[in-house]
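Just so we're clear, the structure is a prediction, and the values are computed from it rather than from any experiment.
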Amino acid sequence: MNALKKILGLIWIALGVSAGIYLIYFQAVPLWAKGGNDLVPAIIYTFVLAPLISIGMSIFGYYSVTGEFDNV
């Protein structure tokens, strides 16, 4: 079971990185290009949501890979 947790930890890290890339390239960049009223959501995607989601999921995966959840 612990091996499965470590494999899933790697998947969480990959999902965290891919979620950050998705939010920046496919959501924020088109909004930055439009300008106008779309700048506020672009700023939120770029500086709030992308780092928060990416870092949070990656830290959870890191803890799983290093064995913090072995006793659960």
Side-chain angles (χ1 to χ4, degrees):
M1 190 67 173
N2 289 335
L4 178 64
K5 290 179 186 178
K6 291 181 191 273
I7 293 169
L8 290 175
L10 293 174
I11 292 172
W12 274 103
I13 292 172
L15 282 174
V17 172
S18 63
I21 291 170
Y22 174 78
L23 281 173
I24 291 175
Y25 286 122
F26 297 115
Q27 297 295 321
V29 171
L31 292 175
W32 281 105
K34 286 182 184 177
N37 290 333
D38 292 331
L39 284 180
V40 173
I43 291 170
I44 291 171
Y45 284 142
T46 305
F47 297 111
V48 177
L49 290 178
L52 185 68
I53 292 170
S54 181
I55 291 171
M57 290 177 76
S58 297
I59 288 175
F60 181 75
Y62 172 75
Y63 284 154
S64 182
V65 168
T66 58
E68 293 289 327
F69 302 122
D70 285 349
N71 296 330
V72 176

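- Annotation: Tyr22, atom OH; neighbour count of heavy atoms from other residues, nucleotides and ligands within 6.0 Å does not exceed 12.
- A chain of hydrophobic side-chain contacts below 4.5 Å, direct or via other Ile, Leu, Val, Met, Phe, Trp or Tyr residues, connects Leu49 to Leu15.
- Shortest non-hydrogen contact noted between Ser58 and Ile13 is O-CG1, 3.7 Å.
- At least one donor-acceptor pair under 3.5 Å links the side chain of Lys6 to the backbone N or O of Val65.
- Side-chain N or O atoms of Thr46 include none that pairs as donor or acceptor with a backbone N or O of Ile43 at under 3.5 Å.
- One hydrophobic cluster holds both Leu8 and Met57 under the rule that ILVMFWY side chains link at heavy-atom gaps under 4.5 Å.
- How far CD of Gln27 is from OH of Tyr45: 5.0 Å, rounded to the nearest 0.5 Å.
- Note that CG of Asn71 is 8.0 Å distant from CG of Asn2, once rounded to the nearest 0.5 Å.
- Contact between Ala50 and Gly20 at its shortest, heavy atoms only, is CB-O, 4.3 Å.
- Phe47 and Val17 sit in two unconnected hydrophobic clusters of ILVMFWY residues. Membership requires side-chain heavy atoms under 4.5 Å apart, directly or through other members.
- Taking CD1 of Ile59 as the reference point, atom OG of Ser64 lies at 13.5 Å (rounded to 0.5 Å).
- Taking hydrophobic clusters as Ile, Leu, Val, Met, Phe, Trp and Tyr residues chained together by side-chain heavy-atom distances below 4.5 Å, Ile21 does not share a cluster with Phe60.
- Linking Ile, Leu, Val, Met, Phe, Trp and Tyr whenever their side-chain heavy atoms come within less than 4.5 Å puts Ile53 and Ile11 in one cluster.
- Here the shortest heavy-atom pairing between Gly61 and Trp12 reads CA-CB, 3.8 Å.
- Between Pro41 and Asn37, the closest heavy-atom pair is CD-O, 3.7 Å.
- The line from CG of Leu52 to CG of Leu23 is 10.5 Å long, rounded to the nearest 0.5 Å.
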